[in-house]
Asks: 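Below are the structure tokens for one structure; questions will follow.
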Number of protein chains: 2
Amino acid sequence: MTGPDTALDRTLELAVLVNEDMDRALATDGLTRSRAHVLFELHHRGPVPQRTLSTALQVSARNITGLVDALVATGFVTREPHPTDRRVVLVTPTEHGARTAATLAAGRHQLASALFDGMPANRVATYTEVLDEVLARFRELTAATAR
Amino acid sequence: MTGPDTALDRTLELAVLVNEDMDRALATDGLTRSRAHVLFELHHRGPVPQRTLSTALQVSARNITGLVDALVATGFVTREPHPTDRRVVLVTPTEHGARTAATLAAGRHQLASALFDGMPANRVATYTEVLDEVLARFRELTAATAR
DNA sequence: AGCACATGGTGAACTAGCTTCATTATCTGG
DNA sequence: CCAGATAATGAAGCTAGTTCACCATGTGCT
């Protein structure tokens with residue numbers, strides 16, 4: 001009798017597996033998860049100040065500095081001076097960084113397809129609907145608790 | 001048109017939220033995720049050598065030593081000598097550790113219920129079935145790749 | 001102009017978790 | 001009884017993240 005506990009367990013299990021898979025893919029490119037987050041954000045934003053990354057990714061400014069340090073050291077990114085505001089540094093993906101980001105995104109897309117494509121459309125639809133309802137319930141719960 | 005990418009994204013999103021919630025719960029008890037894994041394993045196994053934890057949790061022996069160190073320091077666990085084999089140390093949950101583990105498990109169960117209970121049974125069933133199929137596909141993929 | 005305050009970024013020092021390599025005790029089988 | 005396996009730990013280093021203090025630069029207000 002597959003109850004709610006089972007459903008939750010399976011969800012988490014899939015997430016763990018997918019994340020492990022992504023970590024492996026990242027590692028082969030010399031990236032970690034945190035650094036990849038930064039690289040992806042840059043990839044679809046273009047050159048931005050670190051502050052922008054900090055707020056967008058919910059990561060402390062100090063932390064972004066460290067991650068960008070690492071990305072610079074491994075050649076995914078460069079730091080350029082801002083043309084007018086000398087406080088800010090513009091983090092810019094290198095050619096290599098951009099290509100890596102694109103490749104990884106494509107790989108992730110392929111994975112999603114391999115996992116869900118070809119299933120009866122109504123099953124996938126039900127799956128997504130249940131997920132959406134569960135997410136809504138979750139937000140309700142935490143909204144109630146966070147008071 | 002919610003495609004496979006969307007389905008995967010939602011799945012990961014739910015997992016992230018649930019994990020954050022669990023982390024919060026653990027933190028209020030002075031635990032981290034890794035330490036909690038160890039504590040839970042002990043909770044339903046009783047006193048065992050560290051080696052057992054190491055293999056069961058897929059964590060290096062050295063690492064278990066550190067986690068147990070922390071659990072001892074925070075009073076969730078004690079190290080007892082093995083009666084016959086003087087190499088091994090038996091890690092034993094304290095009363096406090098056992099109670100905490102039970103409470104957290106109950107909380108997790110409640111969360112699962114709050115998220116899924118009361119839904120049409122066939123919807124939850126479909127949800128779980130889709131997940132099972134996706135998990136099966138995933139394992140097929142990685143089995144093919146791992147060669 | 002000039003000063004107060006806000007903003008962007010960093011240095012230093014710390015924690016958790018994890019890894020590798022080496023070492024110490026202890027057990028076990030031939 | 002000794003060789004080799006096994007249990008646990010010491011030492012050192014890495015990634016990620018935190019907090020606190022600090023410096024440089026911009027901006028707004030008077």
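Chain A is the first sequence line, chain B the second, and so forth, proteins listed ahead of strands; every chain is numbered from 1.
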Asks: Give every residue pair that meets the salt bridge (Lys or Arg N to Asp or Glu O under 4.0 Å) criterion with at least one member in residues 27-39 of chain B, sequence neighbours excluded.
Replies: D23(B)-R33(B)

Asks: Any heavy-atom pair between the side chains of T11(B) and Y127(A) that's under 4.5 Å?
Replies: yes

Asks: Sequence neighbours left out, cut at 3.5 Å: what donor-acceptor pairs do the side chains of residues 105-117 of chain A make with other protein atoms?
Replies:
residue : atom : partner : partner atom : Å
R108(A) : NH2  : D9(B)   : OD1          : 2.3
H109(A) : ND1  : D5(B)   : OD1          : 3.2
H109(A) : ND1  : D5(B)   : OD2          : 2.6
S113(A) : OG   : H109(A) : O            : 3.3

Asks: Mind running a 4.0 Å heavy-atom check of residues 35-55 of chain B against DNA chain C and sending the residues that fall below it, in number order?
Replies: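 Residues of residues 35-55 of chain B under 4.0 Å from DNA chain C: R35(B).
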
Asks: In residues 18-31 of chain B, what residues come within less than 4.0 Å of DNA chain D, judged by heavy atoms?
Replies: none

Asks: Which atom pairs, donor and acceptor, lie under 3.5 Å between side-chain atoms of residues 62-70 of chain B and protein residues at least two apart or in another chain?
Replies:
residue : atom : partner : partner atom : Å
T65(B)  : OG1  : Q50(B)  : NE2          : 3.2
T65(B)  : OG1  : A61(B)  : O            : 3.3
D69(B)  : OD1  : R79(B)  : NH2          : 2.0

Asks: Output every pair passing salt bridge (Lys or Arg N to Asp or Glu O under 4.0 Å) with a member in residues 89-99 of chain B, not counting sequence neighbours, ordered by first then second residue.
Replies: E95(B)-R99(B)

Asks: If you look at every heavy atom in P93(A) and A98(A), which pair is closest and at what distance?
Replies: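 Shortest heavy-atom separation between P93(A) and A98(A) comes out as CB-N, 4.4 Å.
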
Asks: Does V91(A) form a side chain to side chain contact (heavy atoms under 4.5 Å, CB included) with V72(A)? I'd like the steps, not just the answer.
Replies: CA-CA 9 Å; V91(A) 187; V72(A) 168; over 6 Å; no

Asks: Identify, with sequence neighbours excluded, every residue that meets salt bridge (Lys or Arg N to Asp or Glu O under 4.0 Å) alongside E80(A).
Replies: none

Asks: Using heavy atoms and a sub-4.0 Å distance, could you list which residues of residues 57-67 of chain A are near DNA chain C? By number, please.
Replies: R62(A), T65(A)

Asks: Under the side chain to side chain contact (heavy atoms under 4.5 Å, CB included) rule, collect the residues that match up with T103(B), sequence neighbours excluded.
Replies: none

Asks: How far apart are the closest heavy atoms of L90(B) and P83(B), and which atoms are they?
Replies: CD1-CD, 4.1 Å

Asks: Check DNA chain C against residues 72-85 of chain B and give the residues with a non-hydrogen atom under 4.0 Å, in numerical order.
Replies: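 Nucleic-acid contacts, sorted: T84(B), D85(B).
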
Asks: Has the side chain of D21(A) got a donor or acceptor atom that lies under 3.5 Å from a matching backbone atom of L17(A)?
Replies: no

Asks: Mind checking salt bridge (Lys or Arg N to Asp or Glu O under 4.0 Å) for E20(B) and listing every partner two or more places apart, or none if nothing turns up?
Replies: none

Asks: Provide, to the nearest angstrom, the distance between the CZ atom belonging to R86(B) and the P atom belonging to dT24(C).
Replies: 18 Å

Asks: Could you work out, with salt bridge (Lys or Arg N to Asp or Glu O under 4.0 Å) as the rule, every residue matching R139(A), not counting sequence neighbours?
Replies: E13(B)

Asks: Calculate the interatomic distance between R87(A) atom CZ and dC22(D) atom C1'; express it in whole Å.
Replies: 16 Å

Asks: To the nearest Å, how far apart are D69(B) CG and dA11(D) C1'?
Replies: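 That distance rounds to 14 Å.
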
